[in-house]
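By convention in this document, chain letters (A, B, ...) are assigned in the order of the sequence lines, proteins followed by strands, and residues within each chain are numbered from 1.
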2 protein chains.
Amino acid sequence: MSEIVDRSAKSNAAGVKAQTLADDVFSQMRDAIVRGDFEPGSKINEPQLAAQYGISRGPLREAIRRLEGAKLVEIKPNAGAKVISLKKSQAFEIYEIRESLEGLACRLAARKASSEDCLKLRDLLAAHEAQIQSEDGRLYYQKAGDLDFHYQIVSLSRNQRLFDLLCGELYHLLRLCRVKTSSQPSRPEQAFKEHHHIVDAIEHGDAELADILMRRHIASAKNTFINALNQIDEELSSGD
Amino acid sequence: MSEIVDRSAKSNAAGVKAQTLADDVFSQMRDAIVRGDFEPGSKINEPQLAAQYGISRGPLREAIRRLEGAKLVEIKPNAGAKVISLKKSQAFEIYEIRESLEGLACRLAARKASSEDCLKLRDLLAAHEAQIQSEDGRLYYQKAGDLDFHYQIVSLSRNQRLFDLLCGELYHLLRLCRVKTSSQPSRPEQAFKEHHHIVDAIEHGDAELADILMRRHIASAKNTFINALNQIDEELSSGD
DNA sequence: TACAATGAGATTGTCGACAAAATCTAACTG
DNA sequence: CAGTTAGATTTTGTCGACAATCTCATTGTA
């Protein structure tokens with residue numbers, strides 16, 4: 001009943017070939033941008049990219065228009081598209097929005113989650129704990145693991161548009177600037193505790209508390225992230 | 001410094017002719033959809049529309065791709081685009097998101113607004129009061145006036161992305177389904193009081209209170225809106 | 001030497017035509 | 001008469017070519 005689905009994965013799932021060239025190239029380019037294969041701020045050259053993907057400029061331009069809709073490129077008339085380059089202040093803005101929206105997701109999840117749902121969350125956290133204690137725990141935790149947790153919470157909100165907005169747009173944007181701070185130390189143990197407290201609140205159906213705890217959790221992530229960015233700026237200006 | 005700007009108005013401002021056909025047709029179609037000129041759920045016929053706007057299918061398809069990005073149409077491969085048709089549950093989802101985000105906007109506005117800013121808000125509300133007491137007050141207030149107020153609050157948040165999201169996307173979507181409930185009775189006096197209380201909180205720099213008041217204000221709007229939709233459903237099913 | 005005009009090259013914007021897919025119609029079969 | 005299949009028509013997807021615009025280097029002049 002009303003399952004939350006990732007609509008953004010139109011094509012690149014297991015072996016399902018794309019329906020249209022524009023959609024296919026859109027997925028490829030989106031992943032490439034988020035992965036950091038395109039330098040942020042770099043110009044997008046239509047003839048070159050069309051040749052690279054083996055398509056004509058028509059579908060390519062449609063793909064670029066979709067990227068514009070996903071806020072991953074900026075288009076200026078008669079000047080072409082550029083890969084977005086997020087400044088610190090813009091990353092901060094996105095974190096502010098995420099803080100509010102994930103608070104909402106938690107609030108809704110606390111009202112709607114079944115005991116089964118909570119069990120699945122606990123399982124996920126248990127798997128995370130095992131990973132933390134393994135050698136590459138830190139890396140795993142902050143990369144895929146943390147994201148898994150937030151994904152699952154958002155789907156428990158049973159608000160499809162909220163899911164699309166957070167998981168289909170904002171997360172991509174944040175990953176884009178996280179490429180810079182790739183090896184940020186993070187704080188796995190602390191985050192792990194916070195996750196458990198959030199699940200506690202959801203399990204008790206305490207929507208208000210779940211909201212507050214999640215917002216606090218994201219605020220911490222925001223701070224460590226901004227600090228990492230500041231540090232990079234300092235290194236650049238001192239080493240230059 | 002750092003003025004909040006409506007980036008969505010690329011073309012249709014005063015006399016400034018569009019830079020590119022695709023952008024121009026995008027604006028026209030977006031306005032037409034929001035205005036209700038396109039029946040929600042109706043199919044978009046490319047050859048016909050291209051002829052209507054006097055352009056070829058290339059730019060038209062790019063415009064449609066941008067509309068897809070704005071969530072105003074849905075595209076299925078090899079089947080074309082359809083104007084979005086929001087169900088009650090989806091409108092509800094959008095209101096939930098709006099509630100959270102405008103709360104955030106208020107919270108930020110309370111922290112950042114200068115006394116000048118507050119004065120402008122008061123002026124706006126005073127103008128509204130005059131309108132309310134005039135003959136077509138009700139209509140004015142709920143249409144342009146109410147929106148003006150919310151626009152201004154969101155600008156005061158000084159979060160450009162929040163502004164784009166709320167004023168550039170969500171408001172359009174809500175206006176789209178408000179077309180149905182065109183003459184909803186609303187509650188101008190009550191809303192007017194709430195607006196004043198919100199400005200009070202912002203003036204005092206009480207971010208927490210401003211947040212709560214705005215969320216409550218939108219929750220009321222959400223309820224009257226959903227009730228109006230329910231009433232329409234009843235009329236349809238009984239009169240049929 | 002500094003600076004503006006000019007022109008060549010490259011890039012974006014637009015178009016019409018063709019290919020592939022879907023839809024509709026109508027005839028055919030049980 | 002219902003259901004299915006085959007063909008015709010419409011619509012979407014893709015391509016290559018041309019026009020408009022921008023960029024940048026070169027040249028000429030003060």
What's Ile44(B) touching, base or sugar-phosphate or nothing? Going by heavy atoms closer than 4.0 Å. sugar-phosphate
Counting just side-chain N and O atoms, does Thr20(A) come under 4.0 Å of either OP1 or OP2 of dT12(D)? no
Taking OP1 and OP2 of dA22(C), is either one under 4.0 Å from a side-chain nitrogen or oxygen of Lys43(B)? no
Whole angstrom is fine here: how far is it from CD1 in Ile75(A) over to P in dT12(C)? 11 Å
Can you see whether Gln152(B) engages Asp148(B) through a side-chain donor-acceptor pair at a distance of less than 3.5 angstrom? no
Whole-Å distance separating the CG atom of Leu60(B) from the P atom of dT11(D): 14 Å
Any Asn78(A) side-chain N or O less than 4.0 Å from OP1/OP2 of dA20(D): no
First of Ala79(A) and Glu62(A) reached from the 5' end of DNA chain D, by closest nucleotide: Glu62(A)
Within less than 4.0 Å of OP1 or OP2 of dC15(C), is there a side-chain N or O belonging to Arg57(B)? no
Ignoring the backbone of Asn45(A), work out which of dT14(C), dT12(C), dC15(D) is nearest its side chain. dT12(C)
Rounded distance in Å - CD1 (Ile55(A)) to C1' (dA19(C)): 17 Å
Starting at OH of Tyr53(B) and ending at P of dT14(C), how long is that distance when rounded to a whole Å? 15 Å
Is any side-chain heavy atom of His150(B) less than 4.5 Å from a side-chain heavy atom of Glu102(B)? yes
Report yes or no: do Gln19(A) and Asp23(A) form a side-chain donor-acceptor pair below 3.5 Å? no
Taken to the nearest whole Å, CZ/Phe26(A) to C1'/dT14(D) is 20 Å
Does a side chain donor of either Asp117(B) or Ser114(B) reach within less than 3.5 Å of an acceptor in the other side chain? yes
Measure from CZ on Arg65(A) to C1' on dT12(C) and round the result to the nearest Å. 11 Å
Considering residues, nucleotides and ligands other than Lys88(A), do more than 12 of their heavy atoms fall under 6.0 Å from its NZ? yes
Atom NZ of Lys76(B) and atom C1' of dT23(C) are separated, to the nearest Å, by 15 Å
Within less than 4.0 Å of OP1 or OP2 of dT12(D), is there a side-chain N or O belonging to Lys82(B)? no
Quick one: Glu46(A) CD to dT14(C) P, roughly how many Å, whole number? 11 Å
